[in-house]
Each structure stands twice: as C-alpha cells, then as structure tokens.
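Here's the structure, in structure tokens; my notes come after.
Numbers restart at 1 for each chain; the letters A, B, ... are given by sequence-line order, proteins then strands.
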Amino acid sequence: MTQDFYPFKEIDKKWQDRWEKQGLFTMDPDSLKKKYYCLMMFPYPSSALHVGHGRNYIIGDVVARYKIMRKFNVLAPMGWDAFGLPAENAAIKSGIHPKISTLSNIKTMKRQLRSWGVGYDWERELTSCLPDYYKWTQWIFLQLYKKGLAYKKKASVNWCPSCQTVLANEQVINGECERCSAQVEARNLEQWFLKITDYAQRLLDDLQILKDWPERVKTMQENWIGRSEGVEINFKVADSDINLTCFTTRVDTIFGATYMVLAAEHPLVEDLIKGSGKEAEIKKFITEVKKDSAIDRAASDIDKKGIFTCRFVVNPVNNRKIPLWIANYVVMEYGTGAVMAVPAHDQRDFEFARKYKLPIEVVIDNPREPLDAKDMKEAYIENGVMVNSGQFNSLSNTDAMQKIACYMEKEGIGKRKAHYKLRDWLISRQRYWGAPIPIVYCDRCGMQPVDEGDLPVLLPEKVKFSAKGGSSSGGKPCTESPLKHIKSFINAKCPKCNNKAKREIDTMDTFVDSSWYFLRYLSPKDDKRPFDKALVNKWLPVDQYIGGVEHAILHLMYSRFIIKVLHDMGHVNFNEPFARLFTQGMIVKDGAKMSKSKGNTVSPDALIAKYGSDTVRFYTLFIGPPEKDAEWNDRGAEGAWRFLNRVWRLVAEGSRLKAEGSDRSEDATRSLKRKTHFTIKKVTEDIEGEFHFNTALSAIMELVNEIYSYMGLYPSVFSLQLKEAIETTVILLAPFVPHIAEEMWVRLGNKTSIFEIEWPGYKEDALAQDRVTMAVQINGKVRTKIEVDSAASEDEIKKTVFENETVNKWTNGNPPRKCIIVKGRLVNLVV
RNA sequence: GCCGAAGUGGCGGAACUGGCAUACGCGCCGGUCUCAAAAACCGGUGGUCGCAAGGCCGUGUGGGUUCGACUCCCACCUUCGGCACCA
C-alpha cells in the first residue's frame, strides 16, 4: 500500500473555491447578529510576501473564523496601502510606471493570501492609489484645512538627500531616513503640516480608554507625546524692553539660576546682540552651531559650547542680574528655546558652567551630606531641603515647587504650563507617487483650497521619473517633484476668482492615506461620500486590529488623531478608531529580520506546494506566542505536516468505526471525555484571551495523543465518547487549519460547512475527576505520590500519606511538625 | 541617562491565583514493520553520582520572604525595543 498522505492539493483548492462561492467572508449588512470588525493592517504592495508577513494574516484569519463560528456578523476586509516611495524608486530604475508595478504586485499578493486560505470580504477591497480612494484622502485634507488644522509654513525640516524629499519627525531614526538610512539634513523649506499638537493632550489622555491595547504601544506613544509639566517664567532683559520666557520643570531651583541660555535659532537673538560690540563674533558662532546641529544633534554626546551675548537678564524672584548666553545644548524645538541654567542641580548646566567658569550656587541641600559648590563633581538632582531661596528656605523642594509656582502666578511672573515633545505632522512630500494636495495658488487670491466638488485632483499618469533622459532610463530622482513639469497639471483655475492659478505640486505622505481607510471599507464604492456615517458609527471602533509593532507610533497615532478631528467635526460619533489592538512579533531567520536584501526570506509558495496551506498555517501559529518574535525553522513545518496527517488518519479510522457507536463508562472512556472537554475549555480560553494559539494547538495535540492511546486500548470499539473526541478535535482545529478541517468534517458524514456549526461549549461536570494524584513533599521536596478520592477529606488524605512506605522511610514514623494540604495538588510534611 | 519587555533542556517553547519545573513540538537515541530505505508506529531523552534502588544539583547572578518561589520582594548582570543635551 502506498503511504496515504492527505491530499492537500485537491482539498485546499476545493475549499478555497467553496468559501469564495458561498461568501463565507461576505459581511451581511442586514444581519441581526452582533457585529465584529476584524481588521488587519493593509499592506504596502511590495513584490511578494514571505512567511513573516503571513503571520499577521493568519492570526487575523483565525480570529475571523472563530468569530464566524461564534455566530458574529464578521467584517474582515482587505485593501492596499498603495502609494509610496518604493514603487516610484523602482520606476526610476526600471522605467515601469508605479501604477503598473503596484497593481501587478497586488495581484501576486492576492494570490498568496488566497493560497494561505486567508479569507476576506473582497467586495470591499480598496486601493489607496486609485482616484476613487484618494479623492477622499484629499477630502480629509480639506476638512483639516477648513478647521485650520492643515497649514503651510517655512520651517527647518528633515530632508533626505537620497529620497529627495522631506520626512516627518516620526520617519527619522537616529538622524537617518527610516527607509534608506541616508543621513538626514536640515533644510528650511515651506511645507504642509497637520496640527496634531492641538490634540497632544487628548491623544495622551485617551490612551487610558484603550484598555485592550498592549502596554508597550501605549508607553511608546506616551513617550513620543512627551508631556512634561512645569512653569513658564518671564525674565526681563536688563536695560531693554525685551522679555524672555523660559520653561522649567524645576521651578524649585529658580534661586540657583546663575545664567540663562538661548538656542541659536531663538528669534530674539538678533535684536539682543545688536550693538553688543561682539556682533560678528556671535553671528559666526551661531552659524557654526546651526551647521553642527543638523548633523550632530542626533548623535548624543557632542561638546557643549556657548558664547556670552554681553547682555543680562533679571531673575524675577530675587532681582539678580545674570548673564545671557547662547549655547548649542539648547534647542528651539522644545519649550521656548530659552532655559534658565541652574548648574548646581542640572548636569548639563553643571558641565557648561564648569567649562565657562560660570558661578554654581546650591539651593537644594542634600539632607544626608551638605553640599559645597566648590567640591561638587556633578549636579545634585535629588530631592532635598531648600537653601539660599529667600522665604522658601528650609522647605522640602517638592513642597517649594508648588509654593513657588503659586507665588509666581500670583505675582504675574510665571505661569504653570505643560509642554510636549510631539511636533506637528509634516505631510508634504516632493515626490510623484502620492495623493496631490488639493490646493492652488492664485496671484490675486493667494492660496485657495480646491472645491470639494472638483475632487479628485487627478495625479497625471504621464510623467518623467528620473533626472536625466526619458521615463525609461535609470537615474536619480529629480530634485523636485516630477509634477512640476507637467503643464496640464500645474495650470489650474482659482476656485474663487476663476483666473489662472498654479497647483500645489507636493503630494501627501502615505500615512495620510492609511489614517482613515478603515472607514472606507463600510462603503468602498460610494462616489458621493468618503464614508457612510451611519454605517461607520455602527461598525466602529474596530473590534480587533492586528498588525506589526513598527506602527506603534506612526500609523496608530495618526489614525487616532484623524478620528478625533472627524469626531470634533461631527463626521463620526466615536473618539478612538481601534478598541482592541494586537501587535504580532516578527518572524526572524538566522537571527535576523527577514528581508530581501539579507536574502533570508522564506517564501510560502514552495512550502505550500510541498505540504499545503494548513501545514504552513499550523507551523506559523505553533512557532510561539504570536506577540513575540520567533525563529523560523523549516524542520518545524515538517512536524506540523506530520501532525495533520496523524489527525487525518485518525478521522479515517473513526469514520470506518462509526456504525458501532455505544455509550461506555470505563475509566479510560471517562478520562477521554474529560480530556475532550478540558481541551474545548483550553482552546476557547486561549483564543478569547491573549491569542496564545501555540498552547491551544498543543492542547489539541494532547487530545489527539490521548485518542490514539484510547484506540490502542479498545481497538474496533466506537464509543460515543470517542466519536465526540474525534468530532471535537476537528471542530477545534477549524479556525487554525480550515481546509483539512472542512474535508474531515465532511468525511465524518456531515453535510454542512464546518463554519456553519456553532463553536462547542464544555461541560463543567465532564471536567470532574473521581480520583486524583497528589504529590507528597517532605520539607518541600517531592518524594512520592499518592492517589486519593477527589472528595477525600483532609483526615483521609493524611491517613493515606502516613500509611505510605516512602513517607515513613523519610519520617522514620515520627509525626511531622506541620502538614500542609492543598486539595487535589499536594501534601507537604515538615519534619 | 529615562521608559518598557525579556532571560527556563541541544532547539522553539509550557507552567492556573505561590503548589509535582521542562507540557506540546523539533532534534537525538533505541525498537517494530521492511530485502532495504522512506513513511508510520512504540519507547527513551535536564545535568551529575550510582550496577541498581535511589541521591544530589537545576528556571541569568546574589540575597530575602514562605511549609513551599520560574512565579513575590531587594540588589545586580545580560539581551532586545522605544525615547533622549526635552530644560
């Protein structure tokens, strides 16, 4: 006989076709069932998927299928985050138009998703680079513009010389472009921003609502928003009308401020140094700092340097005149760009003061060991007792912090304020493959938004991608948007006066596209509105969002922001887009993230051809807890293959025995029933809980092992309990390995799809045991085991223990000093 | 420096609320079947001492709490992720 492997080739295809035909994943808008919106982050259409990508979709598919079996009305849509640089860069190299390569990639990925057996409601597919979608991305922009939340300003921005575009702060990692790792430069450019900073506090506060988000993601957003509380203090510049405002979180140290520092970029610097006599020297210094800062501020430990402005400011609490400096360690982007320096209690100020021989004055003393400014090796930043601080002396500094703030507010010297690290979101890109920003510039009326009725502003298709030669030659990206040279695009009419005007040539960051796509899935073909308000209010927030942790800050915060804006404008009635978030870990190979450039990707295609879709799914889910990174090992996939065949043979055997079903009651049968119900409980809890599919699958494997032992004990007996065990195995496997489960279900004599039946519940009384094994410890070490009635009283247990030979050997028959009994688990004797 | 996660066999990993450490799988070893191999099935598999019964050690390190600690507390080491002259 030839070895019977299960015929995955036919089975996979058969059921994939069937699900599509039956519309298993088609959401029914009229259903009365409870809704469940299960969303996976839509992918960027790169050339092909590897098994690491698969993890995301397979996890989502398990959840969707489980919820279908739980009789929810499930919405599981899919789309394509299809604008972006890689396609354009490919076009520069190969000459293939981004639209063509993107749409062709989408085709490949769709085939791959299907081959994993991952199901979606494809009727709702959306593609962000097509006009029927980006029309509404432009609409979103116009809403923000209307509210004053989209604005253009000249600012020092991050410029990637290799990608030839500006980047958002969130896209700069250690001073490098997150995409190409080129060193980012600072450039002063006029750019479009979205005013996410207006929402900083709400984005921070509402993290608390997000109970079902991973703590680490919330922490990352918290850090990124970077709120700190302090006081803004006004310092008057001596012999001048100029006031300088500085921000401090340590107002308790104000009496120890011995100088003040401005950032080189501070707008008042020029006025202040006028007539100082050292103007040229100071200007030279400023130019130097600005040049350095672009490159080195990302690298942490650059030398502190500064220059005296020849000016003094007055400390408002004691009217003392202190020198005003400019230094490279103060940045304009945070706070007010002006800092009161307290060298005794701030390490940076301390280093600077030592270098430039500026005075150091202790105002918070160490209660254990009094400080002496002359001997200090570093700043004292701990808590302590106020000294040299006028009426606040001898208070604890934490008390003083409150009292000084109150005093300042009363006297009008300062004001309590919170500052944030979060910067506005820079959304313009000087590249072609993105949604055009719907703005025109009219000589007469100035900057004007395009009328909503005139959307979309179409992205022209015929363009030159590279700087030299025609569209097909390889080369470097143009130094300006390719759109600049397309007359038919550039020339527009002013929406206000109908005269000639020029279009904005920047396109939008792709993160704008992805910040609202989950709304569009509810009415993807609607050409009248971006989304259907009623439907969206019914279906959102998303019940379960699944994606990579790399989006913890970017995409997830931008989406939260956009939803809050839409909420405030009355377009939606919910405040947060994603109720529950799951971030899966990466799959690594040879210790490194899978990537084409490292050549360590594993393609699912070959594996699926060899073992079928379910084997790849099983191994991907079994590899480890899905929120953690995991190492891929082809051998492990073989184990999954072996197991599925093992179940396949079990079902074949089961259906052969079927006719003789009888109710039996010997120990092994009762134990099988217990195991069956225990497994239902375990698998259900693992799915409902933290998605620990690895342990759910181990539990099913244990059940299968027990079924095999049982069949070894009673060959050719088909008890009702065995029938139940086999059927349960198949049902529990269905969300994980749907093709083989469907097929086995049919072969067990069932007529309907396994996804039409209801997920089983377990019977509490089936879990009960008559006899239990208890470990017996002597002084905390397990020495033997006893078996007792599960209802046995403590006295009965003790009796059994003291009759035990091994116990007597260890106790020499002496009574124990103490005897701890944990029912059903163990006995510990202390002797 | 700050914030967060983690450290368990040869490997991926499991362990409820403080209660039998290493479930499940991979690998390896032995056996059954076979002319043989593959597949499958059965059994073994933390280290160490011992012929054996059995003993001792063992969840990053060092302490502590407890009848009992992978789990709780204190101090530290290492790895990974995020933030960072942020005032």
Side-chain angles (χ1 to χ4, degrees), chain A residues 2-5 173-174 214-224 226-228 230 246-250 253 261 263 293 296-304 327-331 333-342 346-349 351-352 381 419-421 549-550 552-553 618-619 622-625 627-640 642-643 645-646 649 682 685 692 694-702 704-705 708 712 773-785 806 809 816-831:
Chain A
T2 55
Q3 179 58 49
D4 276 337
F5 294 128
I173 314 291
N174 293 329
E215 217 45 56
R216 65 172 165 164
V217 172
K218 289 195 274 186
T219 310
M220 279 162 75
Q221 292 207 358
E222 217 176 291
N223 283 344
W224 189 258
R227 180 192 155 100
S228 50
C246 81
F247 174 69
T248 181
T249 54
R250 290 294 305 271
T253 64
V261 199
S293 64
D296 289 335
R297 271 189 184 160
S300 52
D301 280 335
I302 58 166
D303 272 344
K304 288 180 179 48
N328 64 342
Y329 75 97
V330 172
V331 295
E333 289 80 52
Y334 185 76
T336 60
V339 173
M340 65 173 212
V342 186
D346 180 284
Q347 188 56 25
R348 291 155 304 182
D349 298 341
E351 286 164 24
F352 191 82
I381 54 174
H419 274 268
Y420 303 87
K421 289 193 231 173
V549 75
E550 66 274 18
I553 296 171
F618 189 102
Y619 177 58
F622 187 65
I623 193 166
E627 74 278 9
K628 287 197 189 141
D629 290 353
E631 170 84 28
W632 183 271
N633 175 359
D634 282 349
R635 278 256 170 81
E638 281 173 41
R642 218 173 281 165
F643 172 73
N645 277 295
R646 195 166 146 79
R649 288 192 304 271
K682 170 79 179 153
E685 285 171 356
H692 282 175
N694 55 327
T695 49
L697 291 173
S698 320
I700 299 175
M701 288 167 116
E702 284 185 59
V704 168
N705 289 345
Y708 265 105
T773 308
M774 292 175 76
V776 181
Q777 297 183 329
I778 315 282
N779 292 333
K781 285 194 175 177
V782 180
R783 295 300 178 187
T784 186
K785 288 180 184 179
T806 318
K809 203 178 90 191
R817 274 201 294 146
K818 210 168 175 183
C819 175
I820 291 114
I821 296 175
V822 184
K823 280 248 175 93
R825 289 193 193 276
L826 57 67
V827 180
N828 189 14
L829 302 179
V830 188
V831 295

For [N] and [M], measure between their [atom1] atoms and round to the nearest Å.
{"N": "B:C76", "M": "B:U22", "atom1": "P", "result": "33 Å"}
{"N": "B:G27", "M": "B:G10", "atom1": "C1'", "result": "8 Å"}
{"N": "B:G60", "M": "B:U78", "atom1": "C1'", "result": "7 Å"}
{"N": "B:G19", "M": "B:U71", "atom1": "P", "result": "11 Å"}
{"N": "B:C57", "M": "B:G50", "atom1": "C1'", "result": "15 Å"}
{"N": "B:A14", "M": "B:C67", "atom1": "C1'", "result": "26 Å"}
{"N": "B:C24", "M": "B:G63", "atom1": "P", "result": "34 Å"}
{"N": "B:A53", "M": "B:A15", "atom1": "P", "result": "32 Å"}

Proximity to the side chain of [X] - top-ranked nucleotide from [options]:
{"X": "A:Trp224", "options": "B:A15, B:C24, B:C83", "answer": "B:C83"}
{"X": "A:Arg216", "options": "B:G4, B:A14, B:A39", "answer": "B:G4"}
{"X": "A:Arg825", "options": "B:C16, B:C24, B:G4", "answer": "B:C16"}
{"X": "A:Ser698", "options": "B:A23, B:G12, B:A87", "answer": "B:A23"}
{"X": "A:Arg649", "options": "B:A87, B:C41, B:G82", "answer": "B:C41"}
{"X": "A:Leu826", "options": "B:C20, B:A87, B:C41", "answer": "B:C20"}

In whole Å, what is the span from the [atom1] atom of [X] to the [atom2] atom of [N]?
{"X": "A:Gln347", "N": "B:C85", "atom1": "CD", "atom2": "P", "result": "16 Å"}
{"X": "A:Phe618", "N": "B:G12", "atom1": "CZ", "atom2": "P", "result": "19 Å"}
{"X": "A:Glu702", "N": "B:A15", "atom1": "CD", "atom2": "P", "result": "11 Å"}
{"X": "A:Phe5", "N": "B:A40", "atom1": "CZ", "atom2": "C1'", "result": "9 Å"}
{"X": "A:Ile553", "N": "B:G81", "atom1": "CD1", "atom2": "P", "result": "14 Å"}
{"X": "A:Ile381", "N": "B:C2", "atom1": "CD1", "atom2": "P", "result": "8 Å"}
{"X": "A:Asn694", "N": "B:A14", "atom1": "CG", "atom2": "C1'", "result": "8 Å"}
{"X": "A:Ile623", "N": "B:G12", "atom1": "CD1", "atom2": "P", "result": "11 Å"}

With the 90 degree cut-off around zero defining syn, does B:G58 come out syn or anti? anti
Under the side chain to side chain donor-acceptor pair (under 3.5 Å) test, residues paired with [X] that sit two or more places apart:
{"X": "A:Lys421", "value": "none"}
{"X": "A:Glu685", "value": "none"}
{"X": "A:Tyr420", "value": "A:Gln201, A:Arg227"}
{"X": "A:Gln777", "value": "none"}

Which heavy atom of A:Ala552 sits nearest a heavy atom of A:Met220, and at what distance? CB-CE, 3.6 Å
Of all the heavy-atom pairs spanning A:Val549 and A:Arg216, show the shortest one and how long it is. CG2-CZ, 3.9 Å
Have a look at [X] and say if it touches a base, only the backbone sugar-phosphate, or nothing, with a 4.0 Å heavy-atom cut-off.
{"X": "A:Asn223", "value": "base"}
{"X": "A:Val782", "value": "sugar-phosphate"}
{"X": "A:Lys781", "value": "sugar-phosphate"}
{"X": "A:Thr336", "value": "nothing"}

Hey, does A:Met340 have a side-chain heavy atom less than 4.5 Å from the side chain of A:Thr253? yes
State, with a plain yes or no, whether a side-chain heavy atom of A:Cys246 is found less than 4.5 Å away from one of A:Thr336. yes
Under the ring-ring contact (aromatic ring centres under 6.0 Å, His included) test, residues paired with A:Phe618 that sit two or more places apart: A:Phe622, A:Phe643
Pairing residues for A:Phe352 by the ring-ring contact (aromatic ring centres under 6.0 Å, His included) criterion, not counting sequence neighbours: A:Tyr259, A:Trp325, A:Tyr329, A:Tyr356
[X] side-chain N/O to [Y] backbone N/O, donor-acceptor pair under 3.5 Å:
{"X": "A:Tyr619", "Y": "A:Asn633", "value": "yes"}
{"X": "A:Asn828", "Y": "A:Gly780", "value": "yes"}
{"X": "A:Asn328", "Y": "A:Asp303", "value": "yes"}

Pick the closest RNA chain B nucleotide for A:Gly337 and for A:Ala630 by heavy atoms, then say which residue is nearer the 5' end. A:Ala630
Where each residue is assigned the nucleotide of RNA chain B containing its nearest heavy atom, which of A:Met774 and A:Pro625 is assigned the position nearer the 5′ end? A:Pro625
Those residues that, when tested against A:Asp346, pass salt bridge (Lys or Arg N to Asp or Glu O under 4.0 Å) (two or more places apart): A:Arg348
Does the structure show a Watson-Crick or G-U wobble partner for B:G10, both distances under 3.5 Å? Name it, or say none. B:C26
With a 3.5 Å limit on both atom pairs, tell me what B:C76 is paired to, counting Watson-Crick and G-U wobble, or say none. B:G60
Taking side chain to side chain contact (heavy atoms under 4.5 Å, CB included) as the test, write out the residues that go with A:Arg646, two or more places apart. A:Arg649, A:Val704, A:Asn705, A:Tyr708
Give me, pair by pair, the N or O atoms of the protein and of nucleotides 65-72 of chain B that are less than 3.5 Å apart, along with how far apart they are.
from	atom 1	to	atom 2	distance (Å)
B:C67	OP1	A:Lys818	NZ	3.4
B:C67	O2'	A:Asn828	ND2	3.2
B:C67	O2	A:Asn828	ND2	2.6

Check: protein-nucleotides 52-55 of chain B nitrogen or oxygen pairs below 3.5 Å:
from	atom 1	to	atom 2	distance (Å)
B:G55	OP1	A:Arg783	NH1	3.4

Between the protein and nucleotides 25-33 of chain B, list the N/O to N/O atom pairs that are separated by less than 3.5 angstrom.
from	atom 1	to	atom 2	distance (Å)
B:G25	OP1	A:Asn705	ND2	3.4
B:C26	OP1	A:Arg642	NH1	2.8
B:G27	OP2	A:Arg642	NH1	3.3

Is there a donor and acceptor pair closer than 3.5 Å between the side chain of A:Lys421 and the base of B:C86? no
With a cut-off of less than 4.0 Å, is there a side-chain N or O of A:Asn645 near OP1 or OP2 of B:A39? no
Rounded at 0.5 Å granularity, tell me how far OG1 in A:Thr248 sits from NE2 in A:His419. 10.5 Å
Can you tell me how far apart CD1 (A:Ile381) and CZ (A:Arg250) are? Round to the nearest 0.5 Å. 8.0 Å
Between protein and nucleic acid, restricted to nucleotides 47-51 of chain B and to nitrogen or oxygen atoms under 3.5 Å apart, what atom pairs and distances do you find?
none

